[in-house]
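Working notes for the structure below.
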4 protein chains.
Amino acid sequence: MIRVAIIGASGYTGAESIKILLQHSKAELAYLTALPEECGAVEDVFPQFKGRCNLQIEPLDLDKLAGLADVALCCLPHKVSMTFVPKLLDAGLKVIDFSADYRFKDVDIYEKYYVKHTDTENLKHAAFGLPELFRSQIKRAKLVANPGCYPTGASLAIAPLLKEGLIETDGIIVNAVTGSSGAGKNPSEKFHFPNMNENLFAYGIGTHRHMPEIEQIASDVAGKKVTVLFQPHVGPFDRGILSTIYCHPKKNLSNEQLSELYNGFYKDEPFVQIRKDAPAVKDVAGTNYCHIFVTNVKGKIVCFSAIDNLVKGASGQAIQNMNIIFGLEEVIGLR
Amino acid sequence: MIRVAIIGASGYTGAESIKILLQHSKAELAYLTALPEECGAVEDVFPQFKGRCNLQIEPLDLDKLAGLADVALCCLPHKVSMTFVPKLLDAGLKVIDFSADYRFKDVDIYEKYYVKHTDTENLKHAAFGLPELFRSQIKRAKLVANPGCYPTGASLAIAPLLKEGLIETDGIIVNAVTGSSGAGKNPSEKFHFPNMNENLFAYGIGTHRHMPEIEQIASDVAGKKVTVLFQPHVGPFDRGILSTIYCHPKKNLSNEQLSELYNGFYKDEPFVQIRKDAPAVKDVAGTNYCHIFVTNVKGKIVCFSAIDNLVKGASGQAIQNMNIIFGLEEVIGLR
Amino acid sequence: MIRVAIIGASGYTGAESIKILLQHSKAELAYLTALPEECGAVEDVFPQFKGRCNLQIEPLDLDKLAGLADVALCCLPHKVSMTFVPKLLDAGLKVIDFSADYRFKDVDIYEKYYVKHTDTENLKHAAFGLPELFRSQIKRAKLVANPGCYPTGASLAIAPLLKEGLIETDGIIVNAVTGSSGAGKNPSEKFHFPNMNENLFAYGIGTHRHMPEIEQIASDVAGKKVTVLFQPHVGPFDRGILSTIYCHPKKNLSNEQLSELYNGFYKDEPFVQIRKDAPAVKDVAGTNYCHIFVTNVKGKIVCFSAIDNLVKGASGQAIQNMNIIFGLEEVIGLR
Amino acid sequence: MIRVAIIGASGYTGAESIKILLQHSKAELAYLTALPEECGAVEDVFPQFKGRCNLQIEPLDLDKLAGLADVALCCLPHKVSMTFVPKLLDAGLKVIDFSADYRFKDVDIYEKYYVKHTDTENLKHAAFGLPELFRSQIKRAKLVANPGCYPTGASLAIAPLLKEGLIETDGIIVNAVTGSSGAGKNPSEKFHFPNMNENLFAYGIGTHRHMPEIEQIASDVAGKKVTVLFQPHVGPFDRGILSTIYCHPKKNLSNEQLSELYNGFYKDEPFVQIRKDAPAVKDVAGTNYCHIFVTNVKGKIVCFSAIDNLVKGASGQAIQNMNIIFGLEEVIGLR
């Protein structure tokens, strides 16, 4: 059994990771940590685990951690994460990091959108944890940067077109709507129920940090610089991201050709499903699946993808990465 | 035109009062105040009023107030309210107070459930602002204590039975579910969208402050002490309270007799409608109406009532009271 | 008082029209009709009007109609509408038609997206009822084609750019999300609560009938042919449409220039508000307002607009048109 | 591996059963049937299973069934169920029936609330499938009547009090609110999203078929006739039932005594958790757990229980029963 620690277990991605690991046949929860003020019995922090998990969430003790766990899911926010990850690696653990701290190969982009980077050494060796596109890197990594939720859904939707050089690499528009769990656990005015309920709005206009992340992935896949206009929105539901993506084809592709391309590209991928119609976020809620539909509309190619932002967009993908690192069957715990 | 000030205009009951007064043909918004940090143009505090209201929300200036307004809707929380109400009265204004501070005739009950009372003098002269039951007092009042949302819905539902002495006066059970706007505008963990959405739970078990308020109204109507077990819940919707009330009849009453009783009792009341089937909260959302249905079930009388907690349960009722005080037609602005 | 008939009063746009007209100081509900199986007292068809409206919804009697009403709001579906409108006009009434039957100047486009047109005579004289863009035509019209909900929100958002020739006229992308009331009152699998709740999905991919309607309006405004890729989605809320529109500027425009352009273009329009930040659908829910924000993002101009699909997108706009036709102040009943 | 057939697999309880069985380590989906017009690939009927389940839903073929399956989950509606169950039993299968057809020991009560019973022979031998109260019967049963959703939540909440004779056996009030998935998959006016959303209402007043079912269970546990006033409501969420139950204690019991009683009664039950505070429906959504809290309020005992109506209230409990019948660990597939 792989022994798993969750660092920063008191938030939504922590809870989702606990939920998945409770059903994992080859891994077990070994150690859960959080800030002192957020500690306590798992069942007190998350009533949904009463009777299902008897662990405590404790303040992090690195010595204890080293003896208890083989791998750490690091669910800390950016900036905080890179102060802990080096210590986790030094303690001999494999690390799957949920923050943005190890996602950007170009540290300048990271520093433009986030903060000054304080662990560029480990950054060099981090794998980008989107298995469908970068599996071989992940296999041999000690540190995996788990992708952002939006970049996961958007990148999977356009990768086949970019890989084959079939669309223009500038002018891609990614219009996405996320459920509210993406906002995290801390109450705020925007996500106060009487505001968020029955509501829908755009945010992060021109400035969202997932824009350069999508561009990095897309550029990697295309083998050349790709620019993306990414516009996120948030809607009144818990889980899911629906991305609607508008691309300019370089030459005409029939819907049959598109379907063949996508089915071929993802034919061995258990978690990517090519649909014959538009996916709904509820089709993937609570699962690690990404549903994709692609079609021609008025001279453009429009791609639709749906994922659960907390699963394929966070905890599920992290455990998929963990399975890869440890040589397990990739789908364990995620079906 | 009656000139209306709203004291504490930056919250949900403030917004609802503004909305109603913008449509009122005999009253006008004259002065809006809030805590300094919540001030600004109405359209900045509440984007829904952009182009509809050009006023500023300003810190309270009592001298200015005295010159500008005839009546104050005081939307402050309990305890704060009773520090301002005496000043508003001294400034010559009529006051309709939304807090609990002037609702309890027995100061001991108030102090048991809230805090020490610091304005017992004005408390003596306050009218209880539930027009359907206490209209004559309201007509001649300078200070009206606007009722709580739960007490409004529950009391209207059982008043005819209590007035006629047809039910036992102990053992009444009021089971109610409110929408989330009842929680007010401040973000909190319970009302964070990812928690409140798809959820329903009980709260205030045995301790909710509206329990003694319902008992006071019920006792007034019955002419004897009434005890009530009140259990509130909150559900994933914005507006509305559905009360389901279980009473023991002293003697058998047919459904026809119940229907006659209720239709007779409320026959001149514009805002109380006796239904022939169970009311839904959506039937009254955004209105000042209370829909009631009453029927026999297995030896008990079960009463159902639906109101909008922000309208009949707060701002609408306040303006109904204002109309009464100023001798206007009671329904103006509220149809 | 203008006497208003509603033809097809039993659906959502009928209810919304009734609601608005109950508050209209210069118009009154005179006659309500529906299919025989949907008739009955208004309060039985719509419990929310109990005590507020004592009218009956009756099967249509043209003779009776002619004597009772000055104007008909015709809330029938397309194809049905054009069988009734000629009779309503013959009876001497002004008509505001909610269907698509009189919206398309090019009957071929209508027939491609809908059915064979059977009243091309009246089609010639119909005004397109988007007051902010076509007010002068509406003023002198006997028959007004009330626009679709999506076209209203989308067209208002891009009209200033098109009018001034500042954007490319092909390649405009309109990505929109509507609330579920747009689906109408008839139950269906997609809008069954357990399916629609917590869900979001695209529909009408490449085929939605509002696409040519947006193109017609845009072309009229631009004075040349405009092509639009319109992609609608539906989300789990009752009311509202948020349109996010991506345009290619012909030359650089600063955000200040955009703001000036829009504020100037709509400076006399009571129902269009130019925001300094992204509008939310809840800001306009229940109102006749359209909130617009426009900004530069990565070389494109992105426009956001929010309307209530049942008000500015249907019944509110119809009554705005009615006010114009009868020479009333345009905002009556709609503030 | 236990081979499981699902009869009537095209509805919500069918889908939930499929979902659970896909994760069950000792059972496998063997045969799925539905009405001819609802058949097809599982992934076409339920897009959420695309890539997860390659089975077809087929019209029932009894011969085929007999060769393929050891147990049938019969998800048919009442009346239909009792025409199939005898055949399933004759084919040598164990049967867990989701309908009401085999729940009532007193056939007169069944026939009063439902229809004429046509299989009283098998009725005699059916076990009532609420494991926490009737496990020993279930162990040796060939036919298990899976309980209704409301009766599951309500009965577990009051069983300890009834078993120990601590409350009055008449006058128990069960006030419950269910999520909308309880309505099943067929669209209807009440559950049309624009009606159900933002709504809450009572239904089945005095007539709900789960009332006699709760009374039967309660009477069994108490060893004497128990009468219950059961009032269901439906709210705007997908999953969950919150029951709030008001009982009259025969003598005073402290909260400590109540807590001890409940913790003792359920100490070996994996799926019943005694809370120290009020449970929320979201705490149990998607799980087979029942969370209970019990406390004194004003001389009454108030019990709160939360379950997921589709899991502990239907498919999860059915699989719990299946595990019992086949001598498996009871929690397999349900953690």
Side-chain angles (χ1 to χ4, degrees), chain A residues 170-179 190 194-208 211 215 227-246 248 255 277-283 285-286 291 293 295-300 302 304 306, chain C residues 170-179 190 194-208 211 215 227-246 248 255 277-283 285-286 291 293 295-300 302 304 306:
Chain A
D170 60 351
I172 299 173
I173 292 171
V174 176
N175 187 100
V177 186
T178 188
K190 278 208 180 307
N195 184 63
M196 187 68 242
N197 186 41
E198 294 292 288
N199 210 349
L200 179 78
F201 48 83
Y203 69 104
I205 300 170
T207 63
H208 198 283
M211 186 150 57
E215 289 182 333
T227 61
V228 171
L229 193 173
F230 167 57
Q231 181 52 58
H233 304 72
V234 60
F237 51 101
D238 278 359
R239 284 161 175 264
I241 292 177
L242 187 69
S243 302
T244 304
I245 307 178
Y246 305 91
H248 302 268
N255 286 339
D277 52 4
V281 294
K282 208 164 191 170
D283 296 339
H291 282 201
F293 175 62
T295 188
N296 281 284
V297 182
K298 287 190 129 179
K300 296 205 173 58
V302 186
F304 301 88
Chain C
D170 59 353
I172 298 172
I173 292 171
V174 175
N175 187 99
V177 186
T178 187
K190 277 207 182 305
N195 183 63
M196 187 68 243
N197 186 39
E198 293 292 289
N199 210 348
L200 178 78
F201 49 83
Y203 69 104
I205 299 171
T207 63
H208 198 284
M211 187 149 58
E215 289 183 332
T227 61
V228 171
L229 193 173
F230 167 58
Q231 181 53 59
H233 305 71
V234 60
F237 52 100
D238 277 359
R239 283 162 176 263
I241 292 177
L242 187 70
S243 302
T244 304
I245 307 177
Y246 304 91
H248 303 267
N255 286 339
D277 51 6
V281 293
K282 208 165 190 169
D283 296 340
H291 282 202
F293 175 62
T295 189
N296 281 284
V297 182
K298 288 190 125 177
K300 296 205 173 58
V302 186
F304 303 88

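Sequence lines set the chain letters: A, B, ... in the order given, protein chains first and strands last, and positions in each chain run from 1.
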**Request:** Taking all non-hydrogen atoms of both residues into account, name the closest pair between A/Ala202 and C/Ala278 and its distance.
**Result:** O-CB, 3.8 Å
If you count heavy-atom pairs within less than 4.5 Å of chain C, which of [options] leads?
options	answer
A/Leu242, A/Asp170, A/Asn199, A/Thr207	A/Asn199
A/Thr295, A/Asn197, A/Asp277	A/Asn197
A/Gly235, A/Pro236, A/Pro279	A/Pro236
A/Asp283, A/Asn175, A/Leu229	A/Asn175

**Asked** Just how far is it from atom OG1 of C/Thr244 to atom CD1 of A/Ile205, taken to the nearest 0.5 Å?
**Response** 8.5 Å
**Prompt:** Roughly how far, to the nearest 0.5 Å, is the CD1 atom of A/Ile172 from the NZ atom of C/Lys298?
**Reply:**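 So the gap between those two atoms works out to 10.0 Å.
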**Prompt:** Does the side chain to side chain contact (heavy atoms under 4.5 Å, CB included) test come out yes or no for A/Val177 and C/His233, once each step is laid out?
**Reply:** CA-CA 10 Å; A/Val177 186; C/His233 305 71; over 6 Å; no
**Request:** Using salt bridge (Lys or Arg N to Asp or Glu O under 4.0 Å) as the criterion, list what pairs up with A/Lys190, not counting sequence neighbours.
**Result:**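 Residues passing salt bridge (Lys or Arg N to Asp or Glu O under 4.0 Å) with A/Lys190: none at all.
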**Asked** Do C/Lys282 side-chain atoms and A/Glu198 backbone N/O form a donor-acceptor pair below 3.5 Å?
**Response**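 Not confirmed, C/Lys282 side chain does not pair with A/Glu198 backbone.
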For [X], which atoms come within 4.5 Å of any heavy atom of chain A: side chain, backbone, both, or neither?
X	result
C/Asn195	backbone
C/Phe293	side chain
C/Val302	side chain

**Request:** Quick one: which of C/Tyr203, C/Phe304, C/Phe201 has the most heavy-atom pairs under 4.5 Å with chain A, could you say?
**Result:** C/Phe304
**Toward chain C, the part of A/Ile173 with a non-hydrogen atom under 4.5 Å** =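 It is the side chain, since no backbone atom gets that close.
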